[in-house]
Amino acid sequence: MAIQNKKRTQADVEGSSSKKPRTDVAATASTSAPRPAPSFTSALREEETDFPRGGGSTLTPLELKQTRAEGRKEAEEEAQAEAATKGSQKKRQVSERQVKRMKKNVGDKIKEERDKDSIRVEILNYKRLVPGTHVLARVHTVLPLHLILSLPNNLLAHVPITEISTTLTNLLNAEEEAMSISDKSDYEGEEKEDEETSIAPDLVQLFAPGQYVPAKVVTLYPTASQSFVSQYPVTETLRLAARVEVTLVPEKVNSEVAKKDLEKGFMLVGEVKSEEDKGWTIGVGISDENGSTSVEGFVSKEDVQQHLPSKTLIPGQLLPSTLKSLTAGGRVVQLSLDPTELSRTITSEVSTVESIIPGHCVSALITAVVPSGLNVKVCGFFDGTIDIAHLPLGDVDIEAKYKIGKKIRARIIYDNLATTPRQFALSALPHVLALSSLTKEGEEVPLEHAIRLGKVYQSVKVTRVIPDWGVMCRTSDGLEGFVHISHLADERVAVLSNSTGQYKTGTLHRARVIGHSPLDGVLLLSFEQKVLDQLFMQVDELKIGQVLKGTIRRLTDKSLFVDVLGSVDGIVFPNHYADIRLKHPEKRFRPGASVKARVLSLEPTRNRVVLTLKKAFVESQLPIPSHFADLKIGQVTLGSVLKIVEKGCIVELFGGLKAFMPHSESSQTFVKNLHDLFFVGKPINVRVLEIFSESERIVVSAKQAAATAPATAAEKLQVGDAVNGVVSQIHEEQVVVKLEPSRLTALLSLSNLSNQRHMGIDELRSTLKAGEKIDDLVVVSKNPASGLVIVNIKRTPTGVTTKKSKAKDEKKEDAASGISRNVKAIDSIQPGQILTGTVIENTAQGSMIQLPGAVRGRVHPCDATDDFSVISVGKAPLKVDQEVKCYVLNVNKQKRAIDLSTRPSRIDSESSESVVDKEIESVAGLREGQVVRGLVKNVAGHGVFVALGRNVTARVMIKELFDEFVKDWESRFEVNQLVLGKILSVDEKRNSVEMTLRKNPTKAVKKVAKLGLSDFEEGQKVVAEVRKVEPYGIFLKIDGSDVSGLCHKSEISDNKKQDISQALKGFREGDQVKAKIISIVTDKKKISFGIKASYFGEEFAANEEEDDAEEKEEASEEEQDEEDEDEIEDEDEDEDVEMDGSDEEGEDDNGDEDDHVDEDEDSEVEAPGAASAKKEATKSKAAPASGLDVSSGFDWSGQAPESASEPSDSENESDAGAPSSSARKSAKGKGKSRAITDLTSTAPEARPESTAEFERALLASPNSSFLWIQYMSFHLQLHEVEKARRIGRQALENISYREEEEKLNVWMALVNLELGFGTVDSAEKVFKEAAQYNDARTVYLRYAEALQAAGKEDAVEELFKKIVKKFSVYPDSWTRFADFYLKKGDVDAARALLPRSMKSLDKLKHVETIEKMALLEFKHGDAERAKTLFEGLVDRFPKRLDLWGVYIDQLAKISDIQGVRGLIDRALDQKLTSKKAKFLFKKWLMIEQRIGDAQGQEKAKTRARNWVTANAKAEEDESDDD
């Protein structure tokens, strides 16, 4: 016993901070921590020290324990000496068993004495929380008007917005007063001033989940705070948080802190009060005895910019900080925001217990180790406890890890007011000490985001049992979990202890995640079987259309509540109670009854699911679209009538989608009043007719979804089926035929029937009668939406018995007896054949050749001759009616298009004629610097496109046309004009070529300003862009200038009787039109336009005649409609689609040529500011924070043109044509009216046109960057640059500080203004200011894009060097820099960035960075280099199937089929799951179908079958072994 006491005494002494005698310790303590001297000295001090009143002692607890241990030791020595005096005979009489019993009794007595001095370690619960308790909390959820906080030991609390800070409360009150004043006052200046000074920030701006704050309990509710619960959808988290209300106001939390304890390193949480010149004033809430504020805090702007990502502070924000120094006689404390100091600073000494608040980190001395935790001393005087849940024990026993006398770092988490003096509870968990979020090992995502609610763990191990509270567990992935005693089993567990066999340490259980306790760093689990059996825990786990079973909970007037098997509320609205309307739903739905329902839509924000009980919906087998993207034209789906309007019905679909059903599509028969046919809530089957992706508008039809509907019957017909029919109606050009037996309506061309009957059309029309039966029909086309079918006569041999006719028929091989003559003939034509044909027509896109068998082909101008110089300007190389030999280049059987060549080198390979202009089949045949000749294909408004081959078109920007500036450059070029140029760049992946016609490409092009009003004259014809559509006309802006004006509605059409309002609906912002300048008023700087067809005379008529002729010619052969087009590029694109299927991909890429030219031209001709702004806004999607939402470039007016929706490549077969419009292409069906969309609801508001109008608009919307940038543009158009600068600065002052995105837009507008109209220094200055007041990384990246748009590559390079130095931890910084170098052509510099980035980036981001670098190499660099990088990745991470997939896709893009096969073989050699193997085999087969051959496809299928067989056999062998 003496030895044990001696060891304990030595351990206590070793654990103390010094081994010197007590006097030395006291002396050291006094010297290291001087205290203020008392105001007087007592003469009785020594006597009072020796004999204190009340039986107290001046010894420290450690010294007191040492004294007691010495006393025990002396007593034991005396007892041993006394026992030694007795005879040895008596000693021998004591047995060994008695000695052990005596030792045990002595040990028990020592343990009892030790436990007498220990404090009981308790777990915090709602009963032990009392008002006034200080507690450390962690932000759990941020709601609009409340915060939900996570408290220790799995508790939750809430904070009203009025209990955040005094400053925020004052701002809210001021905002409320301002709103009441604005209702009574009409004084604009007063209203504006109130708005500026009283806008309060949102809680989302002040707090983020994971933030630690000290709080003080205000109120505890027996069940829940109704004022809190009633404002939000009730969830389990909300219900638990509603029991406790706390405050975060520093005046209440820090009110008891003594001023004399404020020393360097003291942790405080204050509120931001106001901004000063050099920093912010912080209210720390420390008052003097009179209650007045005695201490104010201050934090410098340098400190804020250095340690806070936002670089600024918001009034009302709570700010954790550490005390740096005291100034002004202790009235002002300088605060530091250094997060390292905040987490590591230790509070070592305080004068009063109230100065210790939750969140303080202390060095705690262990005074006792008990099974439930530790007893500690805080600051040498105050008692504290650490419960076992807040100790990082792992699997180690508590007594083995912690010893009495040892000091540990811990953080105060709450105080216990039930004791006097108050005691503290502490936490030694690492994430609490670091004030951070607990994460999974190797990840950066907080645990509450990484592990979703509802996740099921098949096996968790019980690591520790906490009696009568719960058990600690460890999951299979190494995470700590906690199961409360109430969640151990479905039945109540009365007693929980270490001896409870079912849950003792080491047992394994199946568990489910039901919540998170972020502050405790544990998952909240449940062992209950009813929880494990739930189908779902969250709304997101359900699927739209899923069938569920539920139990009726209650029925209200507005809805029916259903309990489904999960923790989610189910709700049914009255429209979905049944297929019919229920007058008395209470008779059908009784609480407790079971129902079968189907998921109609999901509401994750409200944690509920909307159900339908309609039997027609529940039992239907029709496909259910979950989202808008799942819908397809022609699809039949379920819907219910939501609303009946004048022109149709609003139909509710699954997934919350809404569609419009026109009146004409409601029924097979005419119905005058839709209320007679439908009622709200009626279930119907509808067929999707039209889908508008931009507006997410859906048009459906109930008529076409009927079982007898043509579209439904047409689904059974296939193109090529033989049918019979009866003549129903006879029209001028077509016959309406009723097919038998389906009774479908079909159209038959009269010309087709007349050819078969060998009579004229007029004669046939007079002899053909309704009811006449027509046999031998064949289906050639059908419309899936309307069910309209196009048929032709199936021609058969005439049966003439002459040998000559038989021989002729045999020679044609029955080519005339199929679906159509050219369909059969085209099958016999193969690439490489040489055919003889006749030139029938010449167009700008080539010559049309009539081939044998009623087949036509096209000869592209570049395929007409080996010497382009023989082609006359503006004329075709071949003459009409000329008979030529043609070489078949390509045959597209689907589009029935044939590409031909009349080059002598193709026709006769042995020809001695030299090839002057070699044939260029793809961009791969070009190289940079190569000199080539080509033919002008198109003269656009922003440049010239030159055809180098039928599949290769080069772009020549305006700046690359001439060495000197030429104003009227368009007149210098004509279609098919021969030009000589040099290749500037080749992009094989985008299939684009840049070319220059300048003789001296290195010579700089003279930059000019945009054209002004003086550069135009009345009567001049221009190309303009629609800027705005109004009821009285359209506003147009001339391309390449800033000149804009009005085209009045009287100048739109020559037909005075035409409804102009309908014509105006055909225009959209961003459309290009041809216009004529009607008048120019120089004094008022006004210009008027006209777009009447008569203004363009013969030019307009010629276009119409050409289009009509082409339409008639193609209608008989193709049986589809052709659209008129005013844009040359669109004509070229459509012609290529019809004539050459192989050009389709290349032309799609060239379809954006006009956009590319627009951007590049603007960079030379427009002001540099606008140009860089366009580029900058276009590319801003890649930046962390986007600016204005523009789709085609930055526009100083703030009105970026909308991207015009591209028309469909093919229209309905029933369409006969499309009227030409210079503003917008629209297709209308022939003989069938289409629904006209009402566009007045989306017409833009009038743009302000004066300073007064702008001021009024900005009073209504002071936070709109759109308006402010328009205002700046208004002054720039008047050449008032300085005023535009002032407007930008005024915008930054007036826009609310909460609108960070709006302010960023204005900052970037100022940067672009300086780039365009200022100097380099002024632009750099504004950029630095923008980086100071906004997210620096966002500003840097967007500034780099603006500089790139301005062509300042040197400045861009220097800026990127700063970016990778300043923001080196972001992979995007390095990859963007590499992308810049690769586009610039500096490949070595780009590759040098990769090893540098590996040194700066976190290891977790290395794979992502290397993968992006490899993709850039594939796109802009060397494919072999990219392969090397990917090889390194797949070797290091062979199980990462995503890396294999990306690598395979890149090889497929460069058509490396052998590389793809080898890579897939390597991937399949690994041990894969069936799911992963299926992914690889599917990808392999798709690639083989795209770029491989039939042999490769068969190999992929064979390998897949072998793999499945081998794995199935391996599984059988394993099962046999078992």
Side-chain angles (χ1 to χ4, degrees), residues 301-302 304-312 1168-1169 1171-1190 1193-1194 1265 1288 1292 1300-1316 1318-1384 1386 1389-1390 1392-1394 1396-1397 1399-1402 1405 1408-1409 1412-1413 1416:
K301 290 187 175 180
E302 292 79 5
V304 171
Q305 294 177 359
Q306 182 180 357
H307 297 111
L308 292 185
S310 61
K311 309 296 182 184
T312 186
S1172 59
K1174 286 184 177 183
K1175 282 280 187 178
E1176 180 271 332
T1178 303
K1179 298 180 181 179
S1180 63
K1181 292 181 181 179
S1186 60
L1188 283 174
D1189 186 13
V1190 293
F1194 187 90
S1265 61
L1292 295 175
E1300 297 178 357
E1301 202 63 36
E1302 302 294 325
K1303 283 200 170 189
L1304 179 60
N1305 290 336
V1306 177
W1307 274 113
M1308 297 316 299
L1310 286 172
V1311 170
N1312 282 285
L1313 185 147
E1314 295 301 331
L1315 285 174
T1319 62
V1320 176
D1321 294 336
S1322 63
E1324 190 71 17
K1325 182 179 179 182
V1326 175
F1327 156 67
K1328 290 181 179 178
E1329 282 187 80
Q1332 182 180 0
Y1333 289 98
N1334 300 276
D1335 179 61
R1337 178 167 166 264
T1338 303
V1339 175
Y1340 269 76
L1341 292 176
R1342 293 180 66 175
Y1343 186 49
E1345 294 170 354
L1347 289 174
Q1348 280 182 278
K1352 302 178 180 180
E1353 293 188 352
D1354 294 336
V1356 175
E1357 185 174 357
E1358 292 299 323
L1359 184 62
F1360 267 120
K1361 289 179 180 178
K1362 294 180 182 178
I1363 290 175
V1364 297
K1365 185 176 181 181
K1366 193 177 183 70
F1367 310 103
S1368 60
V1369 297
Y1370 296 94
D1372 196 40
S1373 304
W1374 298 96
T1375 55
R1376 286 196 182 210
F1377 197 3
D1379 187 35
F1380 164 74
Y1381 269 141
L1382 288 172
K1383 289 181 179 178
K1384 184 182 176 184
D1386 194 350
L1393 292 175
L1394 182 57
R1396 288 179 54 196
S1397 64
K1399 298 178 181 179
S1400 302
L1401 295 172
D1402 188 86
K1405 300 177 181 178
E1408 172 191 354
T1409 306
K1412 289 183 178 179
M1413 290 290 191
L1416 289 175

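This structure is a prediction, so every number in the text was calculated from the model and none was measured. Positions are given from 1 along the sequence.
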I need the [X] [atom1] to [Y] [atom2] distance, nearest 0.5 Å.
X       : Y       : atom1 : atom2 : answer
Lys311  : Gln306  : NZ    : CD    : 8.5 Å
Glu1314 : Thr1319 : CD    : OG1   : 7.0 Å
Lys1352 : Leu1359 : NZ    : CG    : 12.0 Å
Asp1335 : Arg1342 : CG    : CZ    : 11.0 Å
Leu1401 : Thr1409 : CG    : OG1   : 4.5 Å
Ser1373 : Arg1337 : OG    : CZ    : 5.0 Å

What closest approach, in Å, do [X] and [Y] show between heavy atoms, and which atom pair accounts for it?
X       : Y       : result
Val1306 : Gly1288 : CG1-O, 3.5 Å
Leu1393 : Ala1378 : CD1-N, 3.5 Å
Val1356 : Ala1344 : CG2-O, 3.9 Å

So [Y] and [X], do their side chains get closer than 4.5 Å, heavy atoms only?
X       : Y       : result
Glu1345 : Arg1376 : yes
Leu1292 : Leu1310 : yes
Lys1328 : Tyr1343 : no
Asp1372 : Leu1341 : yes

Give me the one residue out of Phe1360, Phe1367, Tyr1370 that meets ring-ring contact (aromatic ring centres under 6.0 Å, His included) with Phe1377.
->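 Going through Phe1360, Phe1367, Tyr1370 one by one, the ring-ring contact (aromatic ring centres under 6.0 Å, His included) with Phe1377 is satisfied by Phe1360 alone.
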
Can you check whether [Y]'s main-chain N or O pairs, donor with acceptor, with [X]'s side chain at less than 3.5 Å?
X       : Y       : answer
Asn1312 : Met1308 : yes
Lys1303 : Asn1334 : no
Ser1400 : Ser1397 : no

So Val1311 and Val1339, side chain to side chain contact (heavy atoms under 4.5 Å, CB included) or not? Walk me through it.
-> CA-CA 10 Å; Val1311 170; Val1339 175; 5.9 Å; no

Going by the angle between their ring planes, with limits at 30° and 60°, are Tyr1333 and Trp1307 parallel, tilted or perpendicular?
->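 If you compare the ring of Tyr1333 with that of Trp1307, the planes turn out parallel.
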
Which of parallel (below 30°), tilted (30 to 60°) and perpendicular (above 60°) describes Phe1327 and Tyr1340?
->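 Perpendicular.
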
Please determine if Lys1383 and Asp1379 form a salt bridge, counting it only when a charged side-chain N lies under 4.0 Å from a carboxylate O.
->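 Asp1379 and Lys1383: salt-bridged.
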
So, are Lys1362 and Glu1358 salt-bridged, with charged N and O less than 4.0 Å apart?
->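 Salt bridge: no.
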
Do other residues, nucleotides or ligands put more than 12 heavy atoms under 6.0 Å from Glu1324 CD?
->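 Atom CD in Glu1324 is packed in, count exceeds 12.
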
Not counting sequence neighbours, which residues clear ring pair (Phe, Tyr, Trp, His ring centres under 6.0 Å) with Trp1374? List them please.
->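 Per chain and number, Trp1374 pairs via ring pair (Phe, Tyr, Trp, His ring centres under 6.0 Å) with no residue.
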
